[in-house]
Amino acid sequence: MEKKPQESTLSISEVDRHIDDFMAIFNFTTSDPSTFILMGIPGLEARHIWISIPFSTSYLISLFGNIMLLFVVSKEQTLHKPMYLLICLLALTDIATSTFVVPKALCIFWFNLKGITVRGCLTQMFLLHTVSFMQSAILVTMAFDRYVAICNPLRYATILTNARIAKLGLVGLIRSVICMLPLPMLLSRLPFCADRSILQTHCEHMAVVKISCGDITVNKMYSFVIVFVVIGIDLTLIALSYSLIIRAILRISSKRAHQKALNTCTAHICVMLMMYTPGFLTSVTHRFGQGIAPHVHIILANLYLLLPPMLNPIIYGIKTKELHDKVGKYTCRR
C-alpha cells in the first residue's frame with residue numbers, strides 16, 4: 001500500500017514533464033541556455049503581421065530581380081564582360097543577404113518562432129557581415145572598372161579581363177572571411193546573461209554583444225577598428241577612382257561623350273549611396289544614439305539589409321542601356 005502513492009507521484013511528475021514538453025512546442029520563446037531569443041521589433045509586436053508585408057514583398061522583388069539579372073547575363077554572350085560579371089557578383093551577394101535575414105524574420109512575425117541556437121546565431125552573424133564586406137569589395141572593383149573604362153579605354157580589354165575579375169572577387173571574399181572570422185570566435189568566449197533576448201530580427205554583432213555579461217571591450221574595439229579600416233580604405237579607393245574619373249570627364253570637349261561618360265557611372269553611384277548611407281547611419285545610432293527608441297535602431301538595420309538587394313537590380317536594369325535592352329527582350333518574349 002505504501003508504494004502506490006510513489007507510483008502516482010511518479011506518474012504525475014511524468015505527466016507534468018510531458019505537458020511542459022508539449023507546451024514548449026507552442027511556446028517558441030524558449031529559455032534554453034543554448035538558445036538566444038530574437039525579439040523582432042520590440043514595441044511593435046502588435047504590428048508584426050503588417051510589418052511582415054514589406055519584408056516579404058522586398059524579398060520577392062529582390063529574388064526576382066537578381067535572378068533575372070543572373071539569367072539574362074548568363075544567356076547573352078554579348079554581356080559576358082567584366083562590368084556585367086561584377087553586376088552578377090553583386091546580385092549573388094544581394095540574394096544571400098536577403099535570404100540570411102528575411103525567412104527567419106518572417107518566422108518571428110508570422111509564427112512567433114523566436115528561438116535560435118547560439119551556433120545558428122553566430123553563423124548568421126558571420127555570414128551577414130562577411131557578405132556586407134564582400135559587397136564593399138565589389139563596389140571598389142566596380143569603381144576601378146569605371147576608372148579604366150573612362151580614363152584608359154584603349155587598354156580596358158587587356159587590364160580588366162573576366163579571369164582578372166574572378167580573381168578580384170576571390171580576393172574580396174578571402175578578405176571578408178579573414179576580417180569577420182574573429183567576431184564569432186570572440187563572442188563564443190563571452191558569458192551571456194540569463195536574459196538572452198536580442199532586440200533585433202537577426203543576429204547583428206552589436207545586438208548580440210549587448211546581451212553579454214562579460215567584458216565586451218575587445219569585441220567593440222575590434223568591430224569598430226575593422227569597420228573603420230576596411231570600409232575607410234574602400235571608400236578612399238572609390239573616392240580616388242571617381243576624382244580621376246571626374247578630372248577625365250572635365251577634359252572631354254564633346255558634350256555627347258561627356259554625357260555618355262557620366263551615364264556609365266550613375267548606376268554605380270546610386271548603388272553606393274544605398275549601401276553605405278544606411279550602413280553608416282546604423283553604425284552611428286548603435287554607438288552614439290542611446291536616446292533613440294530601440295525600434296528605430298532595428299528598422300534602420302533592416303533597411304540597410306533589405307533596400308539594396310531590392311533596388312540594385314532595378315537601378316542597373318534601368319540605367320545600363322545594354323542590360324536594359326536584353327532584360328526587355330526576355331520579359332517581352334514571356
Side-chain angles (χ1 to χ4, degrees), residues 65-66 68-94 133-176 230-231 233-276 308 311-330:
N66 286 296
M68 187 68 181
L69 278 183
L70 293 171
F71 172 77
V72 171
V73 173
S74 66
K75 285 288 186 182
E76 290 292 330
Q77 195 70 31
T78 57
L79 298 181
H80 292 182
K81 301 174 183 176
M83 177 182 173
Y84 299 105
L85 293 182
L86 287 169
I87 291 174
C88 286
L89 284 177
L90 190 65
L92 288 171
T93 60
D94 285 340
F133 270 41
M134 180 65 185
Q135 287 174 330
S136 185
I138 293 170
L139 291 177
V140 173
T141 310
M142 284 180 161
F144 179 63
D145 170 79
R146 293 300 85 204
Y147 161 73
V148 177
I150 293 171
C151 299
N152 207 344
L154 298 178
R155 295 185 59 199
Y156 180 83
T158 56
I159 294 174
L160 282 176
T161 62
N162 291 347
R164 189 158 291 168
I165 290 296
K167 289 177 182 177
L168 289 172
L170 182 61
V171 169
L173 178 60
I174 292 171
R175 184 196 72 163
S176 303
V230 174
I231 302 301
I233 290 172
D234 288 353
L235 286 173
T236 301
L237 291 173
I238 290 171
L240 178 62
S241 296
Y242 272 95
S243 63
L244 295 173
I245 288 170
I246 291 169
R247 189 178 70 174
I249 289 173
L250 292 175
R251 290 176 178 176
I252 299 173
S253 57
S254 169
K255 286 187 177 181
R256 185 176 178 183
H258 196 282
Q259 188 64 38
K260 185 178 179 182
L262 284 173
N263 285 339
T264 61
C265 300
T266 304
H268 184 234
I269 292 170
C270 291
V271 169
M272 281 194 304
L273 288 173
M274 274 198 309
M275 177 181 169
Y276 288 118
L311 296 179
N312 286 350
I314 297 173
I315 291 170
Y316 278 115
I318 293 172
K319 290 292 184 180
T320 311
K321 187 180 185 304
E322 193 174 1
L323 185 59
H324 174 76
D325 293 341
K326 299 299 181 184
V327 171
K329 182 182 80 172
Y330 280 95

Drop me the distance from [X]'s [atom1] to [Y]'s [atom2], to the nearest 0.5 angstrom.
X: L244; Y: I249; atom1: CG; atom2: CD1; answer: 11.0 Å
X: I314; Y: N66; atom1: CD1; atom2: CG; answer: 9.5 Å
X: T158; Y: L160; atom1: OG1; atom2: CG; answer: 8.5 Å
X: I87; Y: T320; atom1: CD1; atom2: OG1; answer: 4.5 Å
X: N152; Y: L154; atom1: CG; atom2: CG; answer: 7.0 Å
X: C270; Y: Y316; atom1: SG; atom2: OH; answer: 9.0 Å

Looking at residues at least two apart in the chain, or sitting in another chain, which of them share a side-chain contact (heavy atoms from CB on, under 4.5 Å) with [X]?
X: A239; answer: none
X: S74; answer: none
X: R251; answer: R247
X: L273; answer: I269, T277

Is there any salt bridge (Lys or Arg N to Asp or Glu O under 4.0 Å) pair reaching into residues 151-170, and which pairs are they, with sequence neighbours excluded?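 As it turns out, there is no salt bridge (Lys or Arg N to Asp or Glu O under 4.0 Å) pair with a partner in residues 151-170 once direct neighbours are skipped.
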Can you find a pair of side-chain heavy atoms, one from S243 and one from L240, that are under 4.5 Å apart?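 Yes. Closest side-chain heavy atoms under 4.5 Å.
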### Query
Does some side-chain heavy atom of L323 sit less than 4.5 Å from a side-chain heavy atom of V73?
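V73 vs L323: side chains touch.
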Worksheet item: Who pairs with N162 by side-chain hydrogen bond (donor to acceptor under 3.5 Å, both in side chains), at least two apart in sequence or on another chain?
Response: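 N162 satisfies side-chain hydrogen bond (donor to acceptor under 3.5 Å, both in side chains) with no other residue.
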Going by the rule side-chain hydrogen bond (donor to acceptor under 3.5 Å, both in side chains), which residues pair with Y84 if we only count those two or more places apart in sequence or in a different chain?
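With neighbours one apart ignored, the set is E322.
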Evaluate the criterion side chain to side chain contact (heavy atoms under 4.5 Å, CB included) for residue pair N312 and L90; output intermediate values, then yes/no.
CA-CA 8 Å; N312 286 350; L90 190 65; 3.9 Å; yes
Enumerate, atom names and distances included, each donor-acceptor pair closer than 3.5 Å involving a side-chain atom of residues 133-148, sequence neighbours excluded.
| from | atom 1 | to | atom 2 | distance (Å) |
| --- | --- | --- | --- | --- |
| Q135 | NE2 | D94 | OD1 | 3.0 |
| S136 | OG | D234 | OD2 | 2.5 |
| S136 | OG | Y276 | OH | 2.7 |
| T141 | OG1 | A137 | O | 2.9 |
| D145 | OD1 | Y156 | OH | 2.4 |

Please list, chain by chain and in numerical order, all residues satisfying ring-ring contact (aromatic ring centres under 6.0 Å, His included) with Y242, sequence neighbours excluded.
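Result, ring-ring contact (aromatic ring centres under 6.0 Å, His included) vs Y242: H268.
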Nearest atoms (heavy-atom pairs only) where L311 meets M274
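Looks like CD1-SD, 3.3 Å.
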Heavy atoms only: give me the nearest P308-P313 pair and the separation to one decimal.
->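 Heavy atoms of P308 and P313 come nearest at O-CD, 4.4 Å.
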